[in-house]
Amino acid sequence: MKLLKPVSVEHLPELLRRMPKAELHMHIEGSLEPELMFALAARNGLTVPYPDVESLRRAYVFNNLQEFLDIYHAGTLVLRVEQDFYDMAWAYLQRAAADNVLHTEIFFDTQTHTGHGVAADVVINGLHRACVDAQAKLGLSASLILCFLRHLSEAQAFEALEQALPLREKLVGIGLASSELGHPPEKFAKVFAKARALDFRLVAHAGEEGPPAYIWSALDVLRVERIDHGVQALRDPALIQRLVRDKVPLTVCPLSNLKLRVFPTLAQHNLGGMLDAGLVATVNSDDPAYFGGYINENFTQTFAALGLTAQHAWQLAHNSFEASFIDASAKRVLHDRLEAFYETFDPIFRS
Ligand code: HPA
Ligand code: ZN
């Protein structure tokens, strides 16, 4: 492991904010801030069932994943036309660039929107146009991962895949999101096999609220390359060994875990334990508009709560680039940016 000169606790938040990083687990619908939600509702002649932005934000208190998903789903009702999807993604991409995210892989789903009468191509084209602009105007590379909703049937996932295929070139991968408990990965074995045959990169949420068995079946049945969340893996020593041996990345979302009560406090989060075990963990924001912060907020709050160091920060940023679905030469460029940043980081003498 690369050894770094120590950075004082006082300067760590600045290092975390300025550090180049990739974000690999965020749902674009979960970046829809209340202000934009109200603006899109007005533009589309719709109403949000809350009197104002503050009262909506006050409703963002959740006891578990399902309570969040219900509110999150209601928020998506304001998204009607391609420009809405563009505006939502563009707002996130600007925010990510400000957090020194150099590359992001954005989750979205089409089933929520087709369920409201919005066609899949409207969703994909709006999001993709924002990704193209992010590269051109922000120097931020962004790609799209279509998530199936696991509370729906596998037949419905096949339908979503079919609808997306004319726009195959605008997508890098396929994922699995929504209510985890009672919907194990193997429910989607056939549709993931089809996606694999079509050369999609594969990921799945597993081990957020669900047991280690769901992580095993995401790996062995769905054959995913990354596990989203995966925090329950630490309950199973054989699984830890497997994840370490195969260097399977885990996209961890600490503020999400706090808000959805996967851990009672951030100080009890197991991110430090995951890194100590040699797991390829990364830090991500999941649904930043709902969980109290974008990626840098996840880094700074978690590092403060767990007493993590600049060494851990380097490892997490390095993991984020290594775990990304970009080609080897683009990966090299991002790794070099990280190394250059650590060579020159000096909070005292900066200009
Ligand atoms: N878990 C599962 N599904 C989701 C999440 C999550 O954290 N966020 C948005 N959809
Ligand atoms: Zn998620």
Side-chain angles (χ1 to χ4, degrees), residues 22-33 37 60-77 79 85 88-89 92 96 104-113 115 123 127 144-152 156-157 160 173-185 187-188 201-211 214-215 217-218 222 224-233 249-263 269 271 281-295 297-298 302 320 323:
E23 178 151 59
L24 305 177
H25 181 165
M26 68 82 53
H27 304 260
I28 201 64
E29 295 92 342
S31 73
L32 183 58
E33 292 285 351
M37 199 187 292
Y60 292 173
V61 177
F62 316 107
N63 290 303
N64 52 46
L65 175 59
Q66 193 57 51
E67 286 188 15
F68 156 69
L69 289 169
D70 293 342
I71 285 218
Y72 164 90
H73 186 261
T76 65
L77 292 168
L79 300 161
F85 291 91
M88 173 173 65
Y92 160 70
T104 180
E105 296 179 4
I106 296 175
F107 292 153
F108 72 105
D109 76 81
T110 52
Q111 289 166 287
T112 299
H113 310 293
V123 180
L127 299 178
L144 296 172
I145 296 177
L146 169 64
C147 288
F148 299 135
L149 299 183
R150 68 203 301 161
H151 66 279
L152 301 177
Q156 287 167 300
I174 292 291
L176 186 63
S178 186
S179 320
E180 186 181 11
L181 289 169
H183 302 285
K187 178 177 165 186
F188 296 91
R201 311 298 297 260
L202 303 180
V203 299
H205 284 55
E208 177 184 14
E209 290 183 338
Y214 285 19
I215 303 177
S217 61
L222 301 189
V224 301
E225 297 173 68
R226 296 195 303 241
I227 297 289
D228 297 313
H229 293 295
V231 291
Q232 304 301 336
L250 305 175
T251 61
V252 179
C253 306
L255 288 178
S256 166
N257 294 154
L258 178 68
K259 280 284 194 173
L260 300 185
R261 305 188 191 235
V262 174
F263 296 94
H269 198 283
L271 178 66
T282 64
V283 166
N284 308 270
S285 68
D286 208 6
D287 299 283
Y290 292 89
F291 297 151
Y294 288 77
I295 190 167
E297 204 60 38
N298 274 272
T302 308
S320 75

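Numbering of ligands and ligand atoms starts at 1, following listing order.
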- If you count the atoms of ligand 1 from 1 in the order shown, which ones are under 4.0 Å from a heavy atom of Phe68? 8 (N), 9 (C)
- Part of His229 with heavy atoms under 4.0 Å of ligand 1, whether side chain, backbone, both or neither: side chain
- Message: Determine whether a donor-acceptor pair (N or O, by modelled atom type, separation under 3.5 Å) exists between the side chain of Asn284 and the backbone of Val252.
- Response: yes
- Return yes if some donor-acceptor pair links the side-chain N/O of Glu180 with the main-chain N/O of Glu208 below 3.5 Å, else return no. yes
- Message: Using 30° and 60° as the class boundaries, would you call the ring planes of Tyr290 and Tyr60 parallel, tilted or perpendicular?
- Response: tilted
- Item | pair Val283-Leu271: side-chain heavy atoms closer than 4.5 Å | yes
- In the protein, N/O/S atoms that are found under 2.8 Å from the Zn ion (ligand 2), waters not counted: His25 NE2, His27 NE2, His205 NE2, Asp286 OD1
- Note on the structure: heavy-atom search around atom 3 (N) of ligand 1 in the protein gives Ser178 N, 2.8 Å
- Query: Is there a nitrogen or oxygen of Ser256 sitting under 3.5 Å from a nitrogen or oxygen of ligand 1?
  - Reply: no
- Give the numbers and elements of all ligand 1 atoms closer than 4.0 Å to a heavy atom of His205. 1 (N), 2 (C), 6 (C)
- Candidates Thr110, Asp109, Leu176 - the one meeting side-chain contact (heavy atoms from CB on, under 4.5 Å) with Leu149: Asp109
- Query: Taking heavy atoms and a distance under 4.0 Å, where does Glu208 meet ligand 1: side chain, backbone, both or neither?
  - Reply: side chain
- Note on the structure: Checking heavy-atom distances from atom 8 (N) of ligand 1 to each of Leu260, Leu69, Asp287, the winner is Asp287
- Message: Heavy atoms only, cut-off 4.0 Å: how does Tyr72 contact ligand 1, side chain, backbone, both, or neither?
- Response: side chain
- Query: How about Thr112 and Tyr72: does a side-chain donor come under 3.5 Å of a side-chain acceptor?
  - Reply: no
- Would you please name every residue forming a side chain to side chain contact (heavy atoms under 4.5 Å, CB included) with Cys147, sequence neighbours left out? Phe107, Ala177
- From CA spacing to verdict: salt bridge (charged side-chain N to carboxylate O under 4.0 Å, His left out), Glu105, Arg226: CA-CA 12 Å; Glu105 296 179 4; Arg226 296 195 303 241; 2.9 Å; yes
- Item | atom 7 (O) of ligand 1: nearest protein contact (heavy atom, Å) | Asp286 OD2, 2.7 Å
- Task: Search all heavy atoms of Ser179 against all heavy atoms of His151 and return the closest pair with its distance.
- Result: OG-CB, 4.0 Å
- Shortest protein contact, atom 5 (C) of ligand 1 (heavy atom only): His27 NE2, 3.5 Å
- Task: Measure up the His269 and Phe263 rings against each other and bin them: parallel (under 30°), tilted (30 to 60°), perpendicular (over 60°).
- Result: tilted
- Message: Parallel, tilted or perpendicular, judged at 30° and 60°: which one describes the rings of His27 and His205?
- Response: tilted
